[in-house]
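Convention: sequence-line order gives letters A, B, ...; per-chain numbering from 1. Quick caveat: nothing in here was measured; it's all calculated off a predicted structure. Hydrogens, waters and symmetry mates are skipped; everything else that's a heavy atom, side chains included, is used.
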Number of protein chains: 2
Amino acid sequence: MALRHNNIPDVLLTPAEVAKLFKVNPKTVARWAASGKLDSLKTMGGHRRFWKSDIDRILGIKPAETRIGQLRNLSIFEPEDKRR
Amino acid sequence: MALRHNNIPDVLLTPAEVAKLFKVNPKTVARWAASGKLDSLKTMGGHRRFWKSDIDRILGIKPAETRIGQLRNLSIFEPEDKRR
DNA sequence: CCTGACTTGGGTAATTGGGGTA
DNA sequence: CCTGTCCCAATTACCCAAGTCA
């Protein structure tokens, strides 16, 4: 799994990041989400975030790892006595 | 294990942890709390902590799919109207 | 030519990110 | 080192008009 500098895997992507991957306008990505073509969740402020696993699967880059699987691997979900 | 106001066992997350989960800046999480969009409590030093169950729910993760969620699924911790 | 479905781009308001500071 | 707060620029959401095409 791709790890960031802080050892936390990238799970969500911003509209701009998705747009760069597909080489489309960020506005187009928003329309994909609005029309249900691409699943997304929203921040408390209403901005969209996309599941990296969805994007990877669509791009055919990686054998899809489930969203839950990715989240489970986050260190903050480990038992507190085994952190760090 | 921290107990929430409704006596349901829960886990607390720091602003940085919540920020990573939502792929936003920690300062954004602080704004959510300051504006009442996200429930939080404050440590004795004035720093915020967030309820993991809140984050899970917003992210669209079913309780059964998380560690703490497994505990919450015990019927004795479930609200009457939601027991199964 | 007209029509309906769809896509694209502009304008505006709101949210977010990053710097500086405490 | 992490966080809270303020400021300002960048990003995004949403609405709506203009354009495309069958």
**Request:** Measure from CZ on A/F50 to C1' on D/dT11 and round the result to the nearest Å.
**Result:** 13 Å

**Request:** Could you check how far CG of B/N25 sits from P of D/dA9, rounded to whole Å?
**Result:** 18 Å

Cut-off 3.5 Å, no hydrogens considered: what does the side-chain donor-acceptor table look like for residues 21-30 of chain A, sequence neighbours left out?
{"from": "A/N25", "atom 1": "OD1", "to": "A/K27", "atom 2": "N", "distance (Å)": "2.8"}

**Fill in**
Looking only at D/dG4, C/dG17, D/dA13, the nucleotide nearest the A/A30 side chain is D/dA13

**Counter-base of D/dT3, judged by Watson-Crick or G-U geometry with both distances under 3.5 Å** = C/dA22

**Request:** Please report how far the helix from C/dT3-D/dA22 to C/dG19-D/dC6 bends, comparing the axis fitted to its first five pairs with the axis fitted to its last five, to the nearest 10 degrees.
**Result:** 30°

**Those residues that, when tested against B/R57, pass salt bridge (Lys or Arg N to Asp or Glu O under 4.0 Å) (two or more places apart)** = B/D54

**Fill in**
Expected list for residues 33-48 of chain A near DNA chain C, using heavy atoms below 4.0 Å, is A/K37, A/T43, A/G45, A/H47

**Message:** What I'd like to find out is whether the side chain of B/R49 reaches to under 4.5 Å of the side chain of B/L13, using heavy atoms alone.
**Reply:** no

Show me the protein contacts with nucleotides 15-22 of chain D, counting only N or O atoms at under 3.5 Å.
none

**Message:** Among residues at least two apart in sequence or on other chains, which ones pass salt bridge (Lys or Arg N to Asp or Glu O under 4.0 Å) with A/D39?
**Reply:** A/R67

**Message:** Counting the atoms with a prime plus P, OP1 and OP2 as sugar-phosphate, which does B/W32 contact under 4.0 Å by heavy atoms, base, sugar-phosphate, or nothing?
**Reply:** sugar-phosphate

**Request:** May I ask you to evaluate whether A/T14 reaches the phosphate of D/dT11, defined as a side-chain N or O under 4.0 Å from OP1 or OP2?
**Result:** no

